[in-house]
Amino acid sequence: MKAAAALPVCCRQTAAASLLQNPYPSTPANSSIPASAVMRVKSVRMMSGQEATFRRIRHGSKPDSLLTAHPAADLYSDPCEKLQRLIEVPLFGIGTTEKPFRPTKAEMLQAQEVFTSRKARDIRRIDNVVDCEKAPLYHLPEVAFMGRSNVGKSSLIRAIFHSSPYVKVPVSKIAGFTKTLRFYQVKEHFTLVDMPGYGENQPTYFKECVEDFLQHRRNLRLVYLLIDGDKGFLKLDLEMLKYLEICRLYYCIVLNKIDLVNETTRLKTVAQIRQIREEYGSPCCFPQPFLVSSKTGEGLAYIQSFIAHITSTVETNSTDQKLSA
Ligand SMILES: Nc1nc2c(ncn2[C@@H]2O[C@H](COP(=O)(O)OP(=O)(O)OP(=O)(O)O)[C@@H](O)[C@H]2O)c(=O)[nH]1
Ligand SMILES: [Mg+2]
């Protein structure tokens with residue numbers, strides 16, 4: 001099923017400096033989005049007293065208390081759907097067969113339970129490897145987090161486990177911090193894999209390590225491809241997307257760090273994602289992008305819910321989207 005493929009040339013470079021010298025130009029935003037719609041986003045945002053309240057709480061919040069940082073109603077709403085209300089052009093759901101993932105609040109709470117544990121051994125890091133052959137051989141389904149260095153992969157995993165105090169996920173503001181494949185087992189349900197980032201300070205063995213993992217990991221159910229909300233979809237992200245397509249792996253695009261950008265920027269990047277998906281995507285790419293902030297918890301319940309759904313841990317009836325490996 002999975003074709004042999006080689007990682008994009010830029011990911012094979014061992015000198016991080018050469019990557020740093022090449023600022024990747026963003027793909028132009030979707031020109032089909034009318035300017036008037038963007039203005040509407042701005043005005044809604046400015047008129048919204050609720051948005052202003054979130055901002056104040058956000059600045060004073062600590063990462064570990066993230067789920068109390070937002071009013072409950074906002075934690076269980078989809079940040080992407082909020083954008084859709086402001087624009088007539090569909091941001092996803094191109095064609096009649098594409099149905100969005102819309103878990104109910106009860107289903108989201110059920111999914112949150114899966115990631116919650118007060119016991120040290122329920123959810124734990126089980127391994128830490130460079131060589132995929134030494135990775136734990138598990139029958140459990142796996143979900144991997146991939147993206148540029150510093151995009152926030154480890155922070156997102158840490159946020160996903162925020163209700164499990166024994167799980168320690170190291171993060172750093174220094175790009176290229178995660179150097180190995182780190183496996184976290186969630187009860188007897190599935191495994192999450194934190195991957196080394198590509199781009200700045202990527203490890204010299206990145207190509208072998210990641211290629212091996214993506215091509216040979218039989219229980220890999222889904223890859224979350226993280227995009228920096230602050231920077232948008234860059235050339236190297238596009239190369240990785242094409243690589244996932246060649247490998248015929250199922251993947252979802254996640255726009256992270258949305259707390260750093262306003263709704264206009266979010267909308268532009270989501271439109272850019274839509275355009276890229278139309279151009280390069282196949283049924284391997286889940287049509288709906290996920291918007292999330294590991295700092296505020298916005299969109300987190302959706303990510304947790306989708307993992308629980310895709311690994312068949314929690315049945316989510318309110319969607320017709322099924323991906324199966
Ligand atoms: N404002 C904001 N900052 C974030 C968010 N997620 C991560 N960060 C910050 O981004 C920096 C990098 O986070 P990491 O989670 O270590 O990034 P990574 O993708 O694992 O990076 P590598 O391990 O180098 O590949 C840290 O300083 C985080 O605090 C977010 O949602 N919002
Ligand atoms: Mg990391």
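- Ring geometry, F306 versus F290: the interplanar angle falls from 30° to 60°, so the pair is classed tilted.
- Between L75 and G297, the shortest heavy-atom contact is CD2-O, 3.6 Å.
- Atom CD in Q304 sits 9.0 Å away from atom CG in L156 (nearest 0.5 Å).
- Atom CZ of F233 and atom CG of L255 lie 10.0 Å apart (nearest 0.5 Å).
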Candidate pair E298 and R266, rule salt bridge (charged side-chain N to carboxylate O under 4.0 Å, His left out), full reasoning: CA-CA 13 Å; E298 207 181 345; R266 291 181 193 185; 3.5 Å; yes

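- Between D127 and K134 there is no salt bridge, since no side-chain N of the basic residue sits under 4.0 Å from a carboxylate O of the acidic one.
- Between L225 atom CG and N256 atom CG the span is 11.5 Å, to the nearest 0.5 Å.
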CA sep, side-chain torsions, deciding dist, call: S163, E113, side-chain contact (heavy atoms from CB on, under 4.5 Å): CA-CA 9 Å; S163 303; E113 247 340 276; over 6 Å; no

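- Comment: E239 does not engage K235 in a salt bridge, judged by the lack of any side-chain N to carboxylate O separation of less than 4.0 angstrom.
- Closest non-hydrogen pair, G281 versus Y251, comes out as CA-OH, 4.2 Å.
- The aromatic rings of F286 and F101 lie perpendicular to each other, with more than 60° between the two planes, well past the 30° mark.
- For F115 and F190, the ring centers sit closer than 6.0 Å to each other.
- For the residue pair Q215/Y243, the side-chain donor-acceptor check at 3.5 Å is satisfied.
- To the nearest 0.5 Å, the span separating CG on L291 from CD1 on I253 amounts to 11.0 Å.
- The side chain to side chain donor-acceptor pair (under 3.5 Å) check on S149 picks up nothing, with sequence neighbours excluded.
- Across all non-hydrogen atoms, the minimal contact from Y166 to R118 is CE1-O, 2.9 Å.
- A pairwise comparison of heavy atoms in V261 and G229 identifies CG1-O, 3.4 Å as the closest pair.
- Test L192, V193, L222 against E142 for side-chain contact (heavy atoms from CB on, under 4.5 Å) and you get one pass: V193.
- Between V210 and M195, the closest heavy-atom pair is CG1-CE, 3.7 Å.
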Verdict with supporting geometry, R158 and I160, side-chain contact (heavy atoms from CB on, under 4.5 Å): CA-CA 5 Å; R158 179 190 272 192; I160 285 170; over 6 Å; no

Audit row: R148, D228, side-chain contact (heavy atoms from CB on, under 4.5 Å) steps and yes/no: CA-CA 8 Å; R148 288 187 318 109; D228 198 323; 4.0 Å; yes

